[in-house]
Novice: 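After the structure tokens below, expect a handful of questions from me.
All heavy atoms count here, side chains included; hydrogens, waters and symmetry mates do not.
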Amino acid sequence: MSIPRVLVTGASGFIGRQLVADLLALGYEVHAVINSRPLPEQASLVQHQVNLLDEDAVSAFFGNSNIEYESLFHMAWYVGKKCQQHDLNIDWTIATLNLIKQFAKHGGKCFVGTGTCTEYDYEYGYLNEDFSPTKSSTLYGSTKSSLFTILEQYCCLHNISFKWPRIFNLYGPYEKQSRLMPSVIISCLKGEDVLVSDCLKYQDYLHVADATKGIISFFKSSKSGALNICSGQPVQLRHIVKLIAELTEFKGDIRWGAVPAAFDNDVVVGNNRKLRALGWVPEYDLRKGLAKTINWWKEELNKTKNT
């Protein structure tokens with residue numbers, strides 16, 4: 001029996017590297033598309049350096065390969081500074097359309113995209129795949145929402161199974177240091193003042209390992225279309241900050257309101273009924289997930305000290 005093979009873009013990113021690890025653990029042969037940051041070498045992992053923004057490079061990658069990729073997880077996108085309104089969202093939209101055309105041309109059968117909760121109209125607060133309108137206030141969310149509409153039709157025309165996990169707020173190892181949880185954890189571990197907004201708003205947070213477990217459950221199911229990847233539980237940001245301080249035994253000052261809030265809506269939370277119907281059960285509650293994340297950051301800071 002041949003080993004099932006999958007292609008993963010954005011494989012060295014925050015979500016991508018966890019997804020790769022999970023797929024390898026399940027026995028898949030993973031072909032990882034990277035740009036400049038390779039993953040550690042391991043059995044059943046094949047890495048390909050491809051600039052997905054270069055149409056000719058993508059065409060050459062598929063055209064010159066004697067390997068057929070039946071399933072594609074497209075995790076790559078720009079998530080750097082000002083990503084919500086950056087022009088690179090347009091570039092990645094074009095790159096994704098080129099990618100799906102090449103994937104279809106070379107026998108692709110299942111496409112797993114990467115949607116986002118920012119596709120939704122946040123005024124509705126409790127967000128459901130079937131009923132909540134998609135009306136984003138950002139270029140990032142708007143391009144993702146537009147891709148959902150286009151790719152759903154394109155995959156139907158080409159007999160490709162189309163799956164669009166809409167990912168809410170995640171946390172865990174390898175998250176960008178500028179994000180709320182890493183920034184608070186690092187400040188607490190260093191004994192520095194914690195600079196945050198008033199943190200009175202409520203968000204939906206899920207550990208990245210539970211998110212990728214959900215994405216794979218969706219991939220292996222017969223379901224298609226959009227599906228929320230979320231905890232389904234609103235949590236106040238202030239509770240998160242206080243819990244990190246407790247878990248790190250932080251005794252310094254938390255300066256509430258020292259920085260502006262990153263978003264305006266008071267409550268953003270997802271309905272995960274469809275995800276749970278697949279048999280998905282999260283491994284981490286917030287306390288357990290934060291404790292694991294804090295330990296990971298401790299190790300990272302120790303590595304920095306020793307280099």
Novice: Can you find a side-chain donor-acceptor pair between N228 and Y120 that sits under 3.5 Å?
Specialist: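 Side-chain D/A pair, N228 to Y120: present.
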Novice: Test side chain to side chain contact (heavy atoms under 4.5 Å, CB included) on L227 and R166 and set out the steps.
Specialist: CA-CA 6 Å; L227 184 139; R166 285 198 177 121; over 6 Å; no
Novice: Just by modelled atom types, is the R273 backbone N or O under 3.5 Å from a matching donor or acceptor in the N271 side chain?
Specialist: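 Judged by distance alone, yes, a pair lies under 3.5 Å.
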Novice: Please check: side-chain N/O of S65 versus main-chain N/O of F61, any donor-acceptor pairing under 3.5 Å?
Specialist: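 Not confirmed, S65 side chain does not pair with F61 backbone.
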Novice: Who are the side chain to side chain contact (heavy atoms under 4.5 Å, CB included) partners of W256, not counting sequence neighbours?
Specialist: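 W256: side chain to side chain contact (heavy atoms under 4.5 Å, CB included) contacts with V196, C199, R238, V241, K242, I254.
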Novice: At their closest point, which heavy atom of G27 faces which heavy atom of P4, and how far apart are they?
Specialist: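 Minimum heavy-atom contact is O-CD, 4.0 Å.
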Novice: Assess, by modelled atom type and distance only, whether the side chains of W297 and E175 contain a donor and an acceptor separated by less than 3.5 Å.
Specialist: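 No.
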Novice: Does the plane of the ring in W164 sit parallel, tilted or perpendicular to the ring in F148? Use 30° and 60° as the thresholds.
Specialist: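 It falls in the tilted class, 30° to 60°.
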Novice: Give a yes or no on whether a salt bridge exists between D264 and K201, defined as a side-chain N under 4.0 angstrom from a carboxylate O.
Specialist: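 Judged by the 4.0 Å cut-off on N to carboxylate O distance, D264 and K201 do not form a salt bridge.
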Novice: Any side-chain heavy-atom pair from Q177 and I186 closer than 4.5 angstrom?
Specialist: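 In short, these two side chains touch, coming nearer than 4.5 Å.
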Novice: Between I67 and H31, what is the shortest heavy-atom contact and its length?
Specialist: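 Where I67 meets H31 most closely, the heavy atoms are CD1-CE1, 3.6 Å.
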Novice: Between E299 and N295, do the side chains contain an N or O donor and an N or O acceptor separated by less than 3.5 Å?
Specialist: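 No, N295 and E299 have no side-chain donor paired with an acceptor closer than 3.5 Å.
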Novice: Backbone N or O of L139 within a donor-acceptor pair of the N89 side chain at under 3.5 Å?
Specialist: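 Looks like no, no N/O pair under 3.5 Å.
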Novice: Is there a side-chain contact between V269 and Y205 (heavy atoms, below 4.5 Å)?
Specialist: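 No. Closest side-chain heavy atoms not under 4.5 Å.
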Novice: S136 and G141: which non-hydrogen atoms are nearest, and at how many Å?
Specialist: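 Shortest heavy-atom contact: OG-CA, 3.3 Å.
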Novice: Would you give me the side-chain donor-acceptor pairs under 3.5 Å for residues 153-163, sequence neighbours excluded?
Specialist:
{"unit_1": "K163", "atom_1": "NZ", "unit_2": "F218", "atom_2": "O", "d": "3.2"}
{"unit_1": "K163", "atom_1": "NZ", "unit_2": "S221", "atom_2": "O", "d": "2.9"}
{"unit_1": "K163", "atom_1": "NZ", "unit_2": "K223", "atom_2": "O", "d": "2.4"}

Novice: Are L206 and M181 connected into the same hydrophobic cluster when the rule is that any two of I, L, V, M, F, W, Y join if their side-chain heavy atoms are below 4.5 Å apart?
Specialist: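 As far as the 4.5 Å side-chain criterion goes, L206 and M181 are connected within one cluster.
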Novice: State, with a plain yes or no, whether a side-chain heavy atom of I240 is found less than 4.5 Å away from one of L243.
Specialist: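 The answer is no; the side chains never approach within 4.5 Å.
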Novice: Holding to salt bridge (Lys or Arg N to Asp or Glu O under 4.0 Å), I want the full list of residues that pass it with E29, two or more places apart in sequence or in another chain.
Specialist: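 R5.
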Novice: Shared ILVMFWY cluster between I167 and V235, side chains joined below 4.5 angstrom?
Specialist: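 Yes, I167 connects to V235 through the hydrophobic network.
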Novice: Between H207 and A209, is there a donor-acceptor pair closer than 3.5 Å when you use the side chain of the first and the backbone of the second?
Specialist: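 Confirmed, H207 side chain pairs with A209 backbone.
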Novice: Checking the side chain of T9 only, and the main-chain atoms of A76 only, is there a donor and an acceptor separated by less than 3.5 Å?
Specialist: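 Such a contact is found between T9 side chain and A76 backbone.
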Novice: Counting heavy atoms not belonging to K105, are there more than 12 under 6.0 Å from its NZ?
Specialist: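 No - once you tally the heavy atoms of other residues, nucleotides and ligands closer than 6.0 Å, there are 12 at most.
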Novice: Please say whether more than 12 non-hydrogen atoms of neighbouring residues, nucleotides or ligands are located less than 6.0 Å from OH in Y124.
Specialist: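 Not buried by this count: 12 neighbours or fewer within 6.0 Å.
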Novice: Measure up the H86 and Y78 rings against each other and bin them: parallel (under 30°), tilted (30 to 60°), perpendicular (over 60°).
Specialist: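 Rings of H86 and Y78: tilted, 30 to 60°.
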Novice: Using a 6.0 Å cut-off, check whether atom NZ of K274 has over 12 heavy atoms from anything other than its own residue.
Specialist: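 Yes, the 6.0 Å shell around NZ holds more than 12 heavy atoms from other groups.
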Novice: Donor-acceptor check, side chain of S132 to backbone of E129, threshold 3.5 angstrom: yes or no?
Specialist: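 Absent.
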Novice: Quick check on Q102: does its CD atom have over 12 non-hydrogen neighbours (other residues, nucleotides or ligands) under 6.0 Å away?
Specialist: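 Counting neighbours around CD of Q102, more than 12 heavy atoms of other residues, nucleotides or ligands fall under 6.0 Å, so yes.
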Novice: Between the side chains of D210 and W280, does any donor sit under 3.5 Å from an acceptor?
Specialist: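 The answer is no; no qualifying pair exists.
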Novice: So C188 and V194, do their side chains get closer than 4.5 Å, heavy atoms only?
Specialist: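 V194 vs C188: side chains touch.
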Novice: What about I90 and Y140, same hydrophobic cluster or not, with Ile/Leu/Val/Met/Phe/Trp/Tyr joined at side-chain heavy-atom distances under 4.5 Å?
Specialist: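 They do not share one cluster, since no chain of ILVMFWY contacts under 4.5 Å joins I90 to Y140.
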Novice: Between D204 (side chain) and S231 (backbone), is there a donor-acceptor pair under 3.5 Å?
Specialist: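 Side chain of D204 to backbone of S231: a pair is present.
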Novice: Heavy atoms, side chains only, cut-off 4.5 Å: are P165 and V112 in contact?
Specialist: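 Yes; the side chains approach each other to less than 4.5 Å.
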Novice: Closer than 4.0 angstrom, basic N to acidic O: yes or no for E246 and R287?
Specialist: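 Salt bridge flag = yes for R287 with E246.
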Novice: Any luck finding a side-chain donor-acceptor pair between T114 and H74 under 3.5 Å?
Specialist: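 The answer is no; no qualifying pair exists.
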Novice: In the structure I gave you, are the side-chain heavy atoms of I100 and L151 within less than 4.5 Å of one another anywhere?
Specialist: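 They are in contact (side-chain heavy atoms under 4.5 Å apart), so the answer is yes.
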Novice: With a 3.5 Å distance limit and no angle check, can you tell me whether T248 reaches the backbone of A245 through a side-chain donor-acceptor pair?
Specialist: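 Judged by distance alone, yes, a pair lies under 3.5 Å.
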Novice: Establish whether Y174 and W77 are linked, either directly or via other cluster members, by ILVMFWY side-chain heavy-atom contacts under 4.5 Å.
Specialist: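 Per the 4.5 Å side-chain linkage, Y174 and W77 are not co-clustered.
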Novice: Between the side chains of E119 and T134, is a donor N or O closer than 3.5 angstrom to an acceptor N or O?
Specialist: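 Absent: no donor and acceptor within the cut-off.
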Novice: For the pair N272 (side chain) and C230 (backbone), establish whether a donor and an acceptor sit closer than 3.5 Å, ignoring hydrogens and angles.
Specialist: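 Indeed, once roles are kept as given, a pair shorter than 3.5 Å links the two residues.
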Novice: If you count the non-hydrogen atoms of other residues, nucleotides and ligands that lie under 6.0 Å from CD in Q42, is the total more than 12?
Specialist: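 More than 12 within 6.0 Å, yes.
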Novice: Should L247 and L189 be counted in the same cluster of Ile, Leu, Val, Met, Phe, Trp and Tyr side chains packed under 4.5 Å apart?
Specialist: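 As far as the 4.5 Å side-chain criterion goes, L189 and L247 are connected within one cluster.
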Novice: Heavy atoms only: give me the nearest V50-A57 pair and the separation to one decimal.
Specialist: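 V50 and A57 have their closest heavy atoms at CG1-O, 4.1 Å.
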Novice: Could you go step by step and tell me if F103 and Y69 meet the ring pair (Phe, Tyr, Trp, His ring centres under 6.0 Å) rule?
Specialist: CA-CA 8 Å; F103 179 62; Y69 301 103; 8.3 Å; no
Novice: Using a 4.5 Å cut-off on heavy atoms from C-beta on, say whether the side chain of F219 contacts that of V6.
Specialist: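 Yes, close enough: below the 4.5 Å cut-off.
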Novice: Which atoms form the tightest heavy-atom contact between L45 and P40, and what is the distance?
Specialist: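 Minimum heavy-atom separation between L45 and P40: CD2-O, 3.6 Å.
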Novice: Against the six-membered ring of W92, is K144 placed for a cation-pi contact (under 6.0 Å from the centre, within 45° of the normal)?
Specialist: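 Pair K144/W92 does not count as cation-pi.
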Novice: Strictly distance-based, threshold 3.5 Å: is any side-chain N or O of N265 a donor or acceptor partner for the main-chain N or O of V268?
Specialist: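 Not confirmed, N265 side chain does not pair with V268 backbone.
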